[in-house]
There are 2 protein chains.
Amino acid sequence: MTELRADARRNREELLEVARQVIREQGVDASLRDIARRAGVGIATLYRHFPTREDLIAAIIGEGIRRLNARAAELSETKPAGEALEEWLGYIASRIGPYNGLPAAMDDAIAMDGSPLGALCADLMDAGDRLLTRAQADGAIRPDVKFPDIFTAVAAISAIATRSGPDTSTRILNVYIDGLRPSGGN
Amino acid sequence: MTELRADARRNREELLEVARQVIREQGVDASLRDIARRAGVGIATLYRHFPTREDLIAAIIGEGIRRLNARAAELSETKPAGEALEEWLGYIASRIGPYNGLPAAMDDAIAMDGSPLGALCADLMDAGDRLLTRAQADGAIRPDVKFPDIFTAVAAISAIATRSGPDTSTRILNVYIDGLRPSGGN
DNA sequence: ACCTGAACACCGTTCAAGT
DNA sequence: ACCTGAACACCGTTCAAGT
């Protein structure tokens, strides 16, 4: 949070811009060396600004995660609880699915704490928990599921988009969401 | 299929034995160099016997895949079609989930043809297709799902076992399977 | 304060040279 | 026919030396 020297600030911004593009194209496991090279800085400079790969990823996708949280609040106010949750899950999948490796990284990060990505995802978990509780109170979602499971499932299903395409991922997510509804028969 | 020289046969078997253990411990992306080293052969010898990583994986898990096929036939004869399919999916997940990276590798292999792993999985797809068709005829499973989607879903959900443990994976799979049943309401 | 490249310990894959 | 290690082009990560 302290002030950065002008050259350091420029390097940091150039790294972020390059990383944003490379990670979008190649996924979260893209070569850090490659990113440093394209940004025109030494590899150690990348490490100085982002000590771990997670720090870099968190810096890039932080804004996107905050948008997911905002969307949760918005849906919560404009739609019935069940619909709000279901639509939100679809929104999450559509946003994180395209980034190869991101769903797994997020799900991993939630488990370990102290990780920069985990901190971002913690808010996501809280928002999801609230939506789920309300949806369950409405009888729109089975009472026996917990949000961490739902998030893990959505993450795994989102990741399908990279391999089999977004349409397949969406169809599978819809089946899973159907399974979250209270069963009619038994 | 032609005869191998005695030393070549020994090397091949030693490689398979070591690879079986290393891949069980570290997953399908384990270091090939490491496997060759532990097997006491040169790295190029590994490549001679298994030109691609997929060839090695296929050689190791081929037997397991054949067991999955056998189980499909068995369930098909002893259980109602819907139950047979559902139990089979759980069985697949419990078998491939523990091998880190295998579900993704199998799902990838199905798409490309000519791949050794894809050839093994083709039988799996046929067996699944038959089980699904019968289950749908019985009205036990939604008429609008196709088996390739189901396999992709089961693969993705199986992979959860490595990260979040087999119990989480099983719970999520059960929700997905619930979603495969015809819905009572709409 | 910050940047840099060399250094270290790894990969996957190929190939010339050996028996 | 088969085996071998060196070679090549990469990694991630750290650290001494520079400004």
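Everything numeric in this text was worked out from a predicted model, so none of it was measured. Note on naming: letters A, B, ... go to the chains in the order of the sequence lines (proteins, then strands), and numbering restarts at 1 for each one.
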Are any of [X]'s side-chain N or O atoms less than 4.0 Å away from OP1 or OP2 of [N]?
X: A:Arg9; N: C:dA1; value: no
X: A:Ser31; N: D:dG12; value: yes
X: A:Asn11; N: C:dC2; value: no
X: A:Arg5; N: C:dA1; value: no
X: A:His49; N: C:dC3; value: yes

Would you say the base of D:dT13 and the side-chain of A:Arg33 have a donor-acceptor pair closer than 3.5 Å? yes
Nearest-Å distance for atom pair [atom1]/[atom2], residues [X] and [N]:
X: B:Glu14; N: D:dT4; atom1: CD; atom2: P; answer: 12 Å
X: B:Tyr47; N: C:dA16; atom1: OH; atom2: P; answer: 17 Å
X: B:Leu46; N: C:dT13; atom1: CG; atom2: C1'; answer: 11 Å
X: A:Asp7; N: D:dT19; atom1: CG; atom2: C1'; answer: 10 Å
X: A:Leu15; N: C:dC2; atom1: CG; atom2: P; answer: 14 Å
X: B:Arg12; N: D:dC2; atom1: CZ; atom2: P; answer: 12 Å

Considering every strand shown, what is the Watson-Crick or G-U wobble mate of [N] when both distances are under 3.5 Å?
N: C:dC3; value: none
N: D:dA17; value: none
N: D:dC11; value: none

Among D:dG12, D:dC3, C:dG12, the one nearest A:Leu32 by side-chain distance: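 For the A:Leu32 side chain, the nearest candidate turns out to be D:dG12.
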When you measure from the side chain of [X] to the backbone of [Y], do you find a donor-acceptor pair of N or O atoms at a distance under 3.5 Å?
X: B:Arg71; Y: B:Tyr91; value: no
X: A:Ser169; Y: A:Ile157; value: yes
X: A:Trp88; Y: A:Leu68; value: yes

Name the nucleic acid region contacted by [X], choosing base, sugar-phosphate or nothing; use a 4.0 angstrom heavy-atom cut-off, strictly under.
X: B:Ala30; result: sugar-phosphate
X: A:Ala8; result: sugar-phosphate
X: A:Arg37; result: sugar-phosphate
X: A:Arg48; result: base

Ion pair check, A:Asp126 and A:Arg130, cut-off under 4.0 Å: no
Heavy-atom check, side chain of A:Leu117 versus side chain of A:Ile110, under 4.5 Å: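 Answer no - side chains too far apart.
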